[in-house]
Structure formats: structure tokens, C-alpha cells
Amino acid sequence: MQESLKRTPLYDIHKKLGAKLIEFGGWEMPVQYSGIIDEHLAVRSNLGIFDLSHMGEIEIRGAGALPLIQKLITNDAEHKLVDGRILYSPMCNETGGIVDDVVVYRFQADRYMLVVNATNIGMDFDWICGHNDTGAEIANRSDETVLIALQGRNAPTVLQNLTNTEISALKYFWFTEGKVAGVPTVISRTGYTGEAGFELYANADCGTDLWNAIYEAAATISGKPVGLGARDTLRLEMKYCLYGNDINETTTPLEAGLNWTIAFDKKDFIGRDALIKQRTQGIKRRLAGFQMLNRSVARPHYAVYNKNQHVGAVTSGLPSPSLKCNIGLAYLPVEHSKINTKIEIDIRGKRHPAKVVRTPFYQPD
Amino acid sequence: MPEEPKFPEDLKYRETHEWARREGGIVTVGISNYAQEELQDVVYVELPEAGAAVALEQEFGVIESVKAAFNLWPPVSGEVIEVNAELEDAPELINEHPYSLGWLIKIRMNNPDELDTLLSPDEYRTLVEGERD
């Protein structure tokens with residue numbers, strides 16, 4: 001491994017747990033502990049815990065905070081957020097391409113936290129500062145923050161045993177502040193798996209204590225640590241977009257099926273004109289889910305064909321441990337993206353049959 | 001079943017992580033324990049049919065795990081005389097028993113001298129330990 005790779009405060013713990021570490025977006029992260037399928041199924045049936053401290057946290061404060069955020073994101077932080085609420089949104093460029101997809105936390109009317117993708121932290125920070133003409137105070141809190149997720153149907157019980165905060169009162173995409181195992185945390189009812197679960201933000205100095213308490217509590221019910229490998233299979237089954245794979249600066253939220261995150265009635269935000277134009281003209285391609293009709297696995301960048309016509313490329317593709325078939329996402333011309341359309345994926349020079357299917361691929365209980 | 005050794009002494013290895021076990025003119029081929037550990041969670045194996053010819057410079061199949069696709073290179077050239085049919089329904093045998101039940105194909109060798117170009121267990125161990133660092 002290169003010396004320059006960044007490590008989370010929990011790196012030594014992962015080593016001790018026998019995790020297999022890989023490079024991900026400049027970070028040395030656990031890809032798996034007991035095995036991707038084993039960890040995946042643990043989350044679907046019980047509980048998994050994740051170190052997501054590589055994610056970025058950018059704090060935006062002051063009277064200029066809300067106007068700045070409203071300009072940056074396509075969703076509507078002014079009308080959809082109150083104190084303690086969370087909002088998912090793309091952040092677009094002038095052409096409607098996605099600079100990053102972020103999660104906005106409102107602590108107070110003049111205090112917000114944007115959670116951004118690990119690979120984009122530096123770029124996002126510059127982007128946000130570059131558009132700050134309202135005098136907002138912007139601080140990158142990524143290095144001083146640990147993020148630990150509990151995901152799975154037993155997450156509420158395990159977390160409740162570690163905190164006095166009444167977590168059953170916390171609804172999906174709401175957060176509160178409270179102590180977990182004595183550590184001051186932001187307790188957020190969010191996740192990237194489709195299961196019930198929480199994401200806990202805390203000061204990096206407390207990271208080890210927080211992880212150990214959660215790990216021990218999880219272990220008593222055979223909950224498992226989960227790496228980035230299963231995080232990817234879990235999110236793909238739900239068709240949650242992965243930045244860099246399924247969305248990037250050349251794809252728009254309309255093409256990605258994220259229409260619900262665009263507040264067209266907001267009077268101004270970056271990319272609005274381009275997105276209105278695209279909506280008016282109609283999108284030409286759409287991010288579609290497909291299922292392989294044999295046992296081959298489609299991987300990112302593989303070409304997609306429909307009757308000998310090259311129609312697109314795979315953006316994500318993996319075996320689905322829950323569905324026991326191989327699934328993927330690809331941008332397809334709208335006319336080739338109807339459910340049940342037969343397509344072919346070029347895998348190592350041979351065409352393999354697949355069909356467009358409904359998403360999410362997996363429906364949690 | 002007892003745990004398999006990491007680098008069985010009776011095998012020769014190709015640098016691309018396949019092993020070869022010679023019995024007369026027949027060579028059984030599989031992937032090393034190191035390779036299966038790197039791949040994890042094998043879900044599918046694409047292999048040639050019996051009767052197919054394999055050549056050193058040509059991939060003969062692919063192993064797909066959740067994480068990645070792994071191209072297979074033959075340790076020797078020759079004719080495929082048998083394919084491990086168990087892998088069709090139980091590809092995980094490659095993870096569980098890479099040196100026994102998880103074998104891939106048997107090749108009738110064209111030229112036994114090709115075995116001399118393969119790595120010894122010690123040489124292969126050195127290669128793998130270099131990759132791990």
C-alpha cells in the first residue's frame with residue numbers, strides 16, 4: 001500500500017479484526033471482514049456495522065448559509081428542512097451535470113452540515129467556497145469526524161441499549177444529538193442499504209470508544225462488521241446511485257431518475273436552466289436496472305447492445321447476494337429502457353443476454 | 001476435511017496463480033489459495049468443454065467473484081479431457097478447497113517440458129509474499 005493513502009481513526013481496529021484493506025478514493029479502507037456475501041446477508045437479516053469515516057463533513061453556518069445551500073443543491077432546503085431534518089440532493093454544475101450527491105443536515109436555521117463523498121471532499125469544499133457570495137462560514141470537519149453506521153433490522157434495539165435517547169421517536173431522515181456509550185454523537189436515521197439503521201457522527205478522538213461499544217453490543221447478537229464490498233452490493237440492490245459510477249459531471253439528475261430531488265419551483269440554483277431545458281425537451285437516456293439472464297457478471301464500462309446496436313455502457317454491475325442473480329445499471333436510450341426490454345452485455349468479447357427490470361431490485365421487508 | 005496447506009509441495013505454479021498437479025501425462029489445474037483469498041466469494045466459473053485445446057498464451061476461462069473477474073491461464077498446453085462439473089452448482093468449492101474439490105480442468109499435456117518453466121512452491125511463495133506487501 002502507498003504511504004500517501006489516508007486512514008480513518010479506526011484503521012488499527014480493522015487490521016485487528018482481520019479486514020482485507022483496499023485503496024478507495026485515496027483511502028485505505030476495509031473492503032471485507034468475514035466475506036462480502038456473509039456481511040451482506042448479515043445486514044439484510046440482522047445487523048451490520050460500518051466505518052464510513054472516509055465520508056466528508058462540511059459545516060456551513062451563518063446568515064448566508066441557507067441562501068448558499070439553496071444555490072448549490074437542486075433540492076429545497078428552505079421548504080423541506082426544519083431543525084433535525086435531513087435532505088438528500090444532487091449538487092449540479094451549470095450544465096446540470098452532478099458535481100456530487102450530498103446529504104444536508106439542518107441543526108439550526110443558520111447551521112448546516114453537508115455530508116459528501118470521500119472522493120470529492122477537496123473538490124466539493126472548493127466548489128462550495130467558490131460560490132459563497134453570501135458570506136457563509138464554511139469549515140471542512142472531515143478529518144475530525146468519525147462516521148459509524150448500524151444497518152439492519154436489529155439496529156434499533158442494539159442502539160437503544162447504548163443510549164438514553166428515545167430512538168424509536170426518530171423517523172427516517174431525521175436526526176438528533178445524544179450520547180451513545182457515553183460519546184456525544186449526532187444520531188441520524190439514515191443509511192445506504194435499504195434496511196432500518198442509523199449513522200452516528202462523533203469526534204474522531206472518541207471513534208475507537210464508540211466503535212468498540214457498538215461492536216461489542218452487535219457481537220452479542222452476531223451482528224458483523226461490514227466493508228465497502230457489501231456496502232456496494234447492498235446499495236446496488238436498492239438502486240442507490242454511487243457517485244463516480246452511476247452519476248458524475250456528465251450525467252444529470254433527470255437521467256439518473258432523481259427527479260424527486262429537483263425543486264424546479266425554487267427560483268434559482270446552479271444548473272436550473274439546463275435541467276429545465278432537458279425536462280422540456282425530454283431526456284434521451286435513462287439510468288436503467290438490468291438483470292443478467294445467465295450467470296455472467298456485468299461490470300462497469302462493459303458495452304450494452306440491443307439487436308447489434310451499441311446503446312450504452314454498464315455503470316454498476318455485481319452479483320446480488322439477496323436475489324442470487326447478477327444485476328446492474330446502465331444508461332440506455334429511453335426507447336430501449338422499458339421494463340422487460342431484452343439487451344445484451346458484451347463480456348470479454350461475447351454477448352450475454354440481459355433484460356431491463358424494475359428497480360429497486362430488492363424490496364426490504 | 002483437514003485444512004489444505006497454503007503452498008502444497010507437490011504442485012507447480014504459474015505466475016498468474018494457477019497450480020498444476022501432474023499424474024503421468026495428465027495435469028490437473030486449479031487456482032492457488034492466495035488467489036481464492038484475493039477473490040473471495042466465487043459465484044461463477046466459465047470453463048472450456050472437454051475436447052477443447054488450451055495454449056499457454058490464451059486464457060482458458062474466467063472465475064467471477066462478487067468483487068471481480070479473474071482470467072484463467074493454463075500452466076501447460078494440451079487438450080482438456082475433463083472439467084470439474086461440481087463447480088456449476090457449487091462454485092464456492094474454489095474458496096473452500098482450492099487444491100482439491102475446487103480443481104478446474106484436467107489437461108492432456110502436449111509437452112511435459114512446459115512444466116519445467118513453472119514456479120516451484122518456494123518460488124511461488126516468494127512471488128505471493130512480494131504481492132502482499
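Because only heavy atoms are used, hydrogens play no part in the values below, and waters and symmetry mates are left out as well, while side chains stay in. Here is how names work: the chains are called A, B, and so on, in the same order as the sequence lines, proteins then strands, and each is numbered from 1.
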* **Identified side-chain contact (heavy atoms from CB on, under 4.5 Å) partner of A:Leu332 from the options A:Asn306, A:Thr341, A:Val356** => A:Val356
* Give the member of B:Glu59, B:Glu46, B:Gln40 that has the highest number of heavy-atom pairs under 4.5 Å with chain A. => B:Gln40
* Tell me, side chain or backbone of B:Asn71 under 4.5 Å from chain A's heavy atoms, or both, or neither? -> side chain
* A:His301, NE2: over 12 other non-hydrogen atoms inside 6.0 angstrom -> no
* To do: Sort A:Arg299 into side chain, backbone, both or neither according to what part of it lies under 4.5 angstrom from a heavy atom of chain B.
  => side chain
* **pair A:Trp27-A:Ser53: side-chain heavy atoms closer than 4.5 Å** => no
* With only heavy atoms counted, which part of B:Glu88 is less than 4.5 Å from chain A, the side chain, the backbone, both or neither? -> both
* What part of B:Ala69 gets closer than 4.5 Å to chain A, counting heavy atoms only: side chain, backbone, both or neither? -> both
* Checking A:Ser296 against chain B: side chain, backbone, both or neither under 4.5 Å from a heavy atom? -> both
* Asked: Does A:Ile49 offer a backbone N or O that forms a donor-acceptor pair with the side chain of A:Tyr215 under 3.5 Å?
  -> no
* So, the side chain of B:Asn95 versus the backbone of B:Val42: is there a donor-acceptor pair under 3.5 Å, distance only? -> yes
